[in-house]
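Below is one structure, written out as structure tokens; comments come after it.
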Amino acid sequence: MYGSKVIISTVLRWRFFMRLEESEIEAPRLGEPFLLTPGPLTTSYDTKSAMLKDWGSWDGDFRQMTQLMRDQLIEMLGSGNESFDCVPMQGSGSFSVEAMLGSFVPKDGKVLVLSNGAYGQRAAKTLKYLKRDHIVLDKGDYLPPRGEEVAEILETDNDITHVVAVHCETSSGILNPIEEISVATYNAGRKLLIDSMSAFGAILVEPNKIKFEAIVSSANKCIEGVPGFGFILARKSALEAAEGNSHSLCLDLHDQWSHMNKTGQWRYTPPTHVLAAFLVALESHRKEGGVIGRGARYTKNQNALVSGMRSIGFETLLGERWLSPIIVTFFCPADPSFEFTKFYDLMKSKGFIIYPGKLTVVESFRIGCIGQMDDQIMLKVVDAARESLREMGVTDASPPSKALEERKRLQS
Ligand SMILES: Cc1ncc(COP(=O)(O)O)c(C=O)c1O
């Protein structure tokens with residue numbers, strides 16, 4: 001019995017890897033599963049290999065590497081980038097979000113947080129810790145905060161100094177309408193801070209087209225580096241004005257920025273190997289055609305995934321207008337034979353790690369479109385999902401009616 005299981009799984013893997021030859025992207029060389037997650041994600045072998053060398057953090061070579069990264073990230077912003085500077089910050093993305101909020105919102109400032117998922121909620125929680133006055137426009141699990149709602153709140157509350165928006169709310173995959181939010185914010189004379197953790201590098205946010213003070217992302221998202229630091233791209237005027245605002249020494253962006261500009265060094269131990277890997281990832285990003293090229297591959301991934309999953313009966317939480325090329329939420333099937341943990345294990349055995357959903361009303365799961373994958377690989381993901389349903393005895397992948405009623409709220 002056990003022997004036949006091994007043979008079946010070997011044959012499946014063999015079949016899987018044979019078919020991967022059609023893809024232009026190499027499967028993980030050490031045989032680990034693809035990470036269909038919002039990051040850390042599957043990185044290239046070259047990116048990982050760049051970490052085999054040690055770097056002295058004070059040495060001129062490493063200082064040059066830091067400067068190169070900062071310059072390339074500013075360039076990636078596109079038109080209007082000359083007013084911006086880049087400040088990297090050690091830690092995961094949340095450390096950089098906290099650094100941005102604590103450094104740009106003065107102690108007597110007030111923030112309007114636009115929340116439609118876990119990362120909006122985390123921004124509000126961070127402000128609570130930082131003891132910064134704030135109010136939350138809470139749109140629930142995924143409904144988008146709209147420009148007119150922002151305008152209305154700003155008109156009635158003159159104390160609000162800053163608006164915080166999440167670009168792609170990774171917990172549902174919705175691409176929030178950042179342009180109309182920016183227009184409403186600056187029409188009311190306030191300032192916008194953007195958490196573009198999961199979208200920066202794949203979706204353009206040019207300062208000449210969308211006005212904002214600062215935007216934050218991290219190494220292990222659309223630029224396809226490994227985890228270890230985040231970065232904030234901010235107006236130089238905002239960085240200058242940030243002196244003395246921060247609640248925290250380590251997360252003080254003004255201090256990190258002025259020290260880096262004076263010495264070329266990070267203030268405290270930098271993630272040397274992570275930066276070396278990130279430079280290789282940046283070079284691949286440039287060769288792929290920058291933000292446009294990277295975004296085009298992810299969009300092809302999303303289209304292959306969504307149409308394939310729909311063809312086997314799955315339904316997406318979001319309609320086309322709100323889907324992002326970053327990550328897609330699917331409803332779990334109503335079929336009583338479907339169990340997410342079993343589905344997860346079966347998908348993993350076929351070479352794919354997927355992600356649980358974060359909706360509170362109905363059960364869901366998520367599949368990421370970012371990382372070292374192309375549309376051919378996404379077709380294998382769909383094959384794996386079809387096969388996993390068959391192995392579980394699920395004959396119908398359609399969601400419960402409650403899920404479809406929930407989805408109607410977005411269309412109304
Ligand atoms: C939009 C958004 N903000 C913040 C974060 C937090 O980043 P981290 O988990 O690296 O702390 C994430 C992580 O996926 C994210 O997607």
Side-chain angles (χ1 to χ4, degrees), residues 35-43 88-104 111 113-130 136 138-139 141-142 144-145 163-178 181 192-203 205 212 214-233 248 250-251 253 271 274-275 277-278 281 298 302 317-318 322-329 353-359 364-371:
L35 300 178
L36 296 153
T37 59
L41 33 70
T42 297
T43 56
M89 179 58 74
Q90 296 94 328
S92 86
S94 303
F95 291 61
S96 285
V97 175
E98 184 164 331
M100 173 175 81
L101 297 177
S103 302
F104 295 128
V111 182
V113 181
L114 308 179
S115 173
N116 58 340
Y119 297 107
Q121 284 169 13
R122 191 175 298 173
K125 189 172 177 185
T126 307
L127 289 163
K128 197 167 167 209
Y129 265 73
L130 305 186
V136 181
D138 185 357
K139 300 296 305 267
D141 276 351
Y142 59 87
V163 175
V164 172
V166 180
H167 191 186
C168 171
E169 178 42 88
T170 327
S171 52
S172 65
I174 191 168
L175 198 56
N176 280 324
I178 212 81
I181 291 168
L192 179 63
L193 304 173
I194 305 177
D195 172 355
S196 185
M197 197 68 65
S198 58
F200 184 81
I203 298 175
V205 203
F212 57 90
I215 193 164
V216 58
S217 183
S218 75
N220 56 291
K221 301 286 185 197
C222 297
I223 300 167
E224 301 185 354
V226 302
F229 69 88
F231 51 86
I232 295 94
L233 292 155
S248 156
C250 292
L251 298 178
L253 282 185
V274 178
L275 176 57
F278 192 62
Y298 290 170
Q302 174 209 332
L317 162 72
L318 304 170
W322 301 105
L323 280 176
S324 70
I326 308 300
I327 192 163
V328 180
T329 297
I353 288 195
I354 60 169
Y355 222 52
K358 273 200 175 180
L359 302 182
S364 62
F365 63 91
R366 291 173 288 168
I367 298 187
C369 307
I370 60 179

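Excluded from the calculations below are hydrogen atoms, water molecules and symmetry mates; all remaining heavy atoms, backbone and side chain alike, are included. Both ligands and their constituent atoms are indexed starting at 1 by order of listing.
- Formation of a donor-acceptor pair under 3.5 Å by the S115 side chain with backbone atoms of V136 is not found in this model.
- Here the rule is side chain to side chain contact (heavy atoms under 4.5 Å, CB included) with P145, and of V166, L114, I178 only L114 fits it.
- Contact residues of ligand 1 (protein heavy atom closer than 4.0 angstrom to a ligand atom; sorted by chain and number): S92, G93, S94, Y119, R122, V166, C168, T170, D195, M197, S198, K221.
- Closest approach of S171 to G117, counting heavy atoms only: OG-CA, 3.5 Å.
- The line from CD1 of I181 to CG of N176 is 5.5 Å long, rounded to the nearest 0.5 Å.
- Applying the salt bridge (charged side-chain N to carboxylate O under 4.0 Å, His left out) test to E224 and every residue at least two apart in sequence or in another chain returns R294, R297.
- To the nearest 0.5 Å, atom CE of residue M197 and atom CZ of residue R122 are 8.5 Å apart.
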